[in-house]
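Structure record follows, encoded as structure tokens.
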Amino acid sequence: MPQYPQVLFKNRKPDRVATLDEYRESGGYQALEKFVGGAVSPKEIISLVDQSGLLGRGGAGFPCGKKWAAVPESGAFPRYLVANGDEMEPGTFKDRILLHVDPHCIIEGMVLSGYSFSASKAFFFVRPSYESSAVILERELEYARQAGFLGNNILGTDFSFDIVVHRSGGRYICGEASALLNAIMGKRPNPVKPPPYPTEKGLWDKPTVVNNVETLACVPHILRNGPEWFKGLSATPHGAGTKLYGISGKVNIPGAVELPIGTRLSEIIEEYCGGMSPGSEFKACLPGGASTRFMTREHYDIPMDFEDLKKIGNRLGTAAIMVFDQKTCLVGATLNLIEFFARESCGWCTPCREGLPYMRDLLWRIENGEGKEEDIPNLRRLCKEVWNSYCALAPGAAEPVISLLDFFEDEVRQHISEKGCPFHAKADH
Amino acid sequence: MLPDELKLKLEKMISDAESPREKAIDVMFEIQELQGWMSDEAMVEAAGLLGMTPLELEELATFYDYIYRSPVGKYVIKVCDSTVCWLEGHQSIIDYISARAGVPMGGTSPDGLFTLLPVCCIGYCDRAPAMVINKRVYGKLTPEKIDRILDKLANSAEFHESE
Amino acid sequence: MPRLIIDDLEVDVPKGSKVIDAAERLGIMIPRFCYHEALGSVGACRMCAVKFIQGPFKGVQMSCMIDAQDGMVVSTTDEEAVQFRQRVIELLMMNHPLDCPVCDEGGQCLLQDETVSGGHAIRRYRGKKRTYRDQYLGPYIQHEMNRCIHCYRCSRYYQEFSGYRDLGPLQIGDRMFFGRFSDGKLESPFSGNLVDICPTGVYTDKTARFKVRRWDLHRAPSLCNHCPLGCNTIANAHYRGVMRVEARYNQDVNGYFICDAGRFGFSYSNGGALHEKRPWTPRIQGSDVSAKAAIAKAREDLDNVAEKYGPGAIAAVGSARNSLESQCMLGKICRTRGWRGPVFFTDPAKLRKTRSALERLDGDIAVSLREIENADFIVIAGADPLNEAGMAALAVRQASRKQAPIVTIDPRPLFLPCDFDHIPAAPGKIELYLGMLISAALAKDSTGFGKEAVDFYSALVAEKGKSEVPAGIFSLAERLGASQRPVIICGTDVTRETTPSFTADCVRLLRLAGKQAGLFYLLPGAGSFSSALLSGTDGEAFGDLIGDIENGLIKALVVVESDPFHYYPDRVRLERAMESLELVVAIDYFPSSTVSRASIFYPASTIFETGATYVNQEGRAQFARPVHHGGVPVWGGEHPPRVYSNSIPGGDHLPAWKALWEIAGSTPDTGAADISPGEFIPAEHAAFEAFGSDNYPVDGIRVLQGKAGLTGNWNSRIEESSQRPENAEPLELLMVEWMFGTTEFSAWSDSLASAIAEPYMSMNSKDACRAGVCDGDRVSLELDNGTIEIKVSVSDRAAEGVLVIPRHQSLDWRKMKDFSVRVLPGKIRKI
Ligand SMILES: Cc1cc2nc3c(=O)[nH]c(=O)nc-3n(C[C@H](O)[C@H](O)[C@H](O)COP(=O)(O)O)c2cc1C
Ligand code: SF4
Ligand code: FES
């Protein structure tokens, strides 16, 4: 098993959180001391992050430096940073593990990010089932304050910045950046279409940057080691950095691993997850969370990077790889996914609020022997039509469905012609 | 009526926020910590503290998954029913808990100890099948493990009650 | 002006218009549910999808979310867009009940129309429909959640537009529910608009539900005559009864909405549920007679009085309820016959106030409700928009939503559905504080100030320091100074006589300082503008007549759509005076105290039965068309009498002006020769020149008569107000209006009864302390002719030195010696 450099996970301990001291021993807070200390201008930070090629790790892969640069220089004050730790998409758990590995690397990343566009306050948004992570974070934030890395006059400079943990009441849509801002302000977390962009008018109409937790955690390392170093971490020429892959499903050792971005799927499964579970063969996976397309055996060797997945019409998303084996009914799996999306739709727009339950109904019928031939074109059309939803939730929800029809239409037809789930039948006999 | 001590704590929390509404979820969590769920009276009182109308707070309370607007047991067992847990047999976990604690899905056990609910992915897919009880997560569930967990909760509940 | 092409047609639209509006300009109605011009775009329903072919956007997109831009080519008929819209309908119909025949919205339902026009006819979805439990929302609005298509219009209107916080979106996903925290009456007095704005049958008008189908209704453009604003409405009648009133769009007046008083306050015209409350038939000495007999008798008796005592012994009494037609006819008759009057006001001071307001209002400074919405600073001086002219409060809210600061200077602890700064001020202090605010906002040497302006400004400044300065006034002044389009709203109810013209001078001063300042008066009733014009410079009010009735100089009254018993403060004196009269001829549609005492009564048509002109408080003449002939409605109560006759039961009413003409206008020998309003209105006042026969009826023009310029010389006036002692004892008693419960319309419309709240008296905490009463106490208040009992509401936001009481119908408040009285704190006793 090749050993790749560990950056975010370098302080990973088998059963505990890395302490502030351990983080510092590994070079932690040096970037903060250097940059907040005034070595370069805040604008320089943005440009370094931009040069590093860091793409957002929250799913959309938006260039991080570009987002920070979008905060207008003349923008109002105070400005806010939000760390998006909602992570509610099925299959995704990397941010939780990162938080339990090395919280200070996130904290340092947040301070540096805030410094770069003159924010004074950050919210760390965390879901209810991550309460243990929230408690750890709150504890470590206090240590960081005591050490002078956070709070008023950081390291004796005139830069003040604090982080508060904001607990969510628990809904997938809260992870969507604009809904997230509504959630923090205590409004109903419906998404809001730009313009204006949050970087101009976000929380309480003030400039606000929303970043994924992992994105922010990369920042101190980039600043300490330079953008070229970060780029060089990638396994592909076009990628940048390492990536936390969260693998679950039918593999021997599910979990999160840090690998060069662009590591091949086959390598990830075989080298780092102990291969497929006993008796299981790879049938398909969702490469980047519930809102990406099923990827078949055909792409088993694909480099897991934004670009390469885009080339085959898929998305890296959150790099949450859910692995399905030959015994899994993909109609059932898709039904389960749609069940999730239908339940979590915020209810704002028609295609999502009504269309997803419609899809759920059709898939349920197919799975339970009530499917009809005409359900297939109807599902296809629905998948296309929910693309015209208000936010990205419903288009994401359609991805597994459309790929089910594209790659496993025979399996779907078999359900219809046999009036039931062939996988169930086998289990029953 | 909320106890004075809690009220003071909530008022402090609210006054520290950028805007009172920001603390709506925290306030409801604190009250649930004490009372298990948000009764109508609690809603009215909480809304008052937050400078909201009861309707405005209800807009939030009914949106979120972890705010309860009807009575729940002392322990709210939420079994994940999303993809990976589904793959790993979440239904047998639900059936087992249901039989073991005598509580149907969506219901509360006669002793008022357990409420059983489904929940979507709780972010512990690497330890599927998983569940969350109140705010604590339990992964890699097996019948034996469930027995242990429920026994422990039932005992500590008795212990607390006799205290 | 962006120019774009929609369905091959080119159109220029103002910058910032949405594509959906641009199409509407071409007559292309893109289907929509969530979009509403007044509420803006939110892109929730996805019904307005069109295909963008050229320009910055491509493909199927929502036309409500995209600004029209130069060079766009858009197709609304593109196959892909049409299919998508069809799908949206299919999705919305998945859960919608298919029972249009039993839905009250059927026939006026946007969802129905768009389902049919979209061609969705066959149900494919095989699942169950979701169902909801409805809530009780009060007496006006029926809730039927199963019909909801989740367009969010209701909650956006209710919370964002109207500013109330008890109805909103609950739950999530396909469980979304719109409603209240718990069952109960909606708090907003603008709740009826939910009926108009909901595109399906979730909110229907409970008062009209299941009575008649939309297509069976007679509909006509009408006006609301409950307050001076003259909101535009559509009246709907059936079987000789008015069934419902809806809002009618008028860009300058009410926009899309009306208040609940206007919407539900029509049942007087049906005489209540059993129709017995409207006097339908002519009467002599209390006995029903034919129309002919009543008219002949009135004519004869009036002639006798004139012969015996001279025509000056007959006085004509109108009111602010009169249409312009009635008022002009009253004027004409008095002039030609030599009668005394007409009087339209009860309180002489209020007449003078209203007149002085009109004298100052010209086309430059008079603003409409629409302009209030666009104001960037609003001062409300001695006015209670919510209670005196409901929709004005909503207009103020719209300005506030666009960040305009709102300041109220008023003795009452006012409420507005928006954030505002309140400066409690007894009536005598309003000018002082307003002056302070204005002078602090402007620089003395503002360019544009001539000598007069400098004098006026100096008079304002001179008063600083003579009285304590209300908190926050200077920071407000700073924002007023920075504003471009400030508006002052000034009332005529609780203000001093000089306040309206003082306010006008303040507005002029702001204009001289370069601002687009505007003035908006609140007057005391729908017809008050024209009645004040017609009253002439030395006009009288009913209060001026009473002495002459007592002296025997006046022997007969002709009372047209007026009830002095409702407004006159001294009931005992009024009764005695009325008894001393030889003849009272009443023409009205209310069963008022005056009507029941009249020697001869003739039934008048209501606004729904007669074409009527009203001039609103900004001088805008508007015409209400008759919606039906009227008569005793056929529904409710007993079966209509089976009497064979060729006339309509209860159909003898005439427009008041016409009845008056028949009684006193035409000569006995020629009989009632016809006359039309266009023949007599222009002669009554120069303002009404345009109302000649060729033009009549006139709708939408402004008839302002005010003169520009400063009146100047306020020194002495302000001197006086600043010198009034602070803890003025005795307390000044202010009688005020409420949206529900004080007007004649609420007295005679059963449908408003459930909106009427218990009356209370507000007073300042310090005064309450001196009187020894606390908030919530019931007290007895000793007046000149007896005591009244009332609950007290104590507030720091009420001005010191005043007691505020609504002219509430359940309160026997007419025990005062005069229109304005003062009360010693000792006369207030806790019970
Ligand atoms: C329905 C929905 C849910 C999302 N959930 C998350 C989430 O849980 N965590 C996250 O970081 N981003 C989530 N995103 C993406 C965010 O909108 C946003 O792109 C991201 O937080 C930006 O951070 P990044 O630029 O660092 O990736 C979600 C997006 C959608 C449409
Ligand atoms: S697609 Fe529409 S309903 Fe679904 S989550 Fe987004 S805004 Fe809400
Ligand atoms: S009208 Fe455009 S989305 Fe509803």
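Sequence lines set the chain letters: A, B, ... in the order given, protein chains first and strands last, and positions in each chain run from 1.
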Subject >> side chain to side chain contact (heavy atoms under 4.5 Å, CB included) between Ser168(A) and Tyr66(B), intermediate numbers included >> reply: CA-CA 9 Å; Ser168(A) 167; Tyr66(B) 285 74; over 6 Å; no
Original post:
Ser248(A) and Asp126(B): side-chain hydrogen bond (donor to acceptor under 3.5 Å, both in side chains), yes or no, with the steps?
Top reply: CA-CA 5 Å; Ser248(A) 59; Asp126(B) 53 336; over 6 Å; no
**OP:** Mind running side chain to side chain contact (heavy atoms under 4.5 Å, CB included) on Lys250(A) and Glu88(B) for me, showing each step along the way?
**Re:** CA-CA 9 Å; Lys250(A) 293 295 183 188; Glu88(B) 301 296 338; 4.0 Å; yes
Subject >> Stepwise side chain to side chain contact (heavy atoms under 4.5 Å, CB included) test for Leu87(B) and Phe324(A) >> reply: CA-CA 8 Å; Leu87(B) 200 59; Phe324(A) 303 98; 3.9 Å; yes
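Most heavy-atom pairs under 4.5 Å with chain B, from the set Met185(A), Glu339(A), Arg96(A), Lys327(A): that is Arg96(A). Among Met322(A), Lys121(A), Lys94(A), Glu87(A), the residue making the largest number of heavy-atom pairs under 4.5 Å with chain B is Lys121(A). Interface check for chain B: of the options Pro78(A), Gly332(A), Ala183(A), Cys174(A), the most heavy-atom pairs under 4.5 Å are formed by Gly332(A).
Residue Tyr124(B) touches chain A through both its backbone and its side chain, counting heavy-atom pairs closer than 4.5 Å. Contact annotation for Arg343(A): only side-chain heavy atoms (C-beta onward) come within less than 4.5 Å of a heavy atom of chain B. Of the two parts of Ile97(A), only the side chain, counted from C-beta on, holds a non-hydrogen atom closer than 4.5 Å to a non-hydrogen atom of chain B. Cys329(A) touches chain B through its backbone: at least one of N, CA, C or O sits under 4.5 Å from a heavy atom, while the side chain does not. Using a 4.5 Å cut-off between heavy atoms, Leu286(A) makes no contact with chain B at all. For a residue to count as touching a neighbouring chain, one of its non-hydrogen atoms must lie under 4.5 Å from one of that chain's; by this rule Tyr80(A) touches chain B with the side chain only. Contacts between Val323(A) and chain B at a heavy-atom distance below 4.5 Å involve the backbone alone (N, CA, C, O). Proximity to chain A involves both the backbone and the side chain of Glu59(B), based on heavy atoms less than 4.5 angstrom apart. Residue Arg167(A) touches chain B through both its backbone and its side chain, counting heavy-atom pairs closer than 4.5 Å. Neither the backbone nor the side chain of Ala320(A) comes within less than 4.5 Å of any heavy atom in chain B. Both the backbone and the side chain of Asp81(B) come within contact range of chain A, each with at least one heavy atom under 4.5 Å from a heavy atom of that chain.
Remark: Asp4(B) CG is loosely packed, at most 12 non-hydrogen atoms of other residues, nucleotides or ligands lying under 6.0 Å away. Other residues, nucleotides and ligands place more than 12 heavy atoms under 6.0 Å from the CD atom of Glu142(A). Within 6.0 Å of the NZ atom in Lys140(B), the count of heavy atoms belonging to other residues, nucleotides or ligands does not exceed 12. Summarising the local packing, CD of Gln326(A) is surrounded by more than 12 heavy atoms from other residues, nucleotides or ligands at distances under 6.0 Å.
Gly123(B) approaches Phe93(A) most closely through the heavy-atom pair O-CB, 3.1 Å. For Arg127(A) against Ile122(B), the heavy-atom pair with the smallest separation is NH2-CA, 3.2 Å. Trp204(A) and Ser19(B) get closest at one heavy-atom pair: NE1-OG, 3.5 Å. Nearest approach of Gly91(A) to Cys121(B), heavy atoms of both residues: N-SG, 3.8 Å. Of all the heavy atoms in Phe63(B) and Arg171(A), the pair that sits closest is O-NE, 2.7 Å. Between Ser82(B) and Phe340(A), the closest heavy-atom pair is OG-CD1, 3.8 Å.
To the nearest 0.5 Å, the span separating CD on Glu344(A) from SG on Cys120(B) amounts to 3.5 Å. Note that CD of Glu18(B) and NZ of Lys206(A) are 9.5 Å apart. Values are rounded to the nearest 0.5 Å. Rounding to the nearest 0.5 angstrom, the gap separating the CD1 atom in Ile25(B) from the CD1 atom in Ile184(A) is 11.5 Å. Rounded to the nearest 0.5 angstrom, Lys135(B) NZ and Tyr130(A) OH are separated by 15.0 Å. Residue Lys187(A) holds its NZ atom at 7.5 Å from CZ of Arg21(B), rounded to the nearest 0.5 Å.
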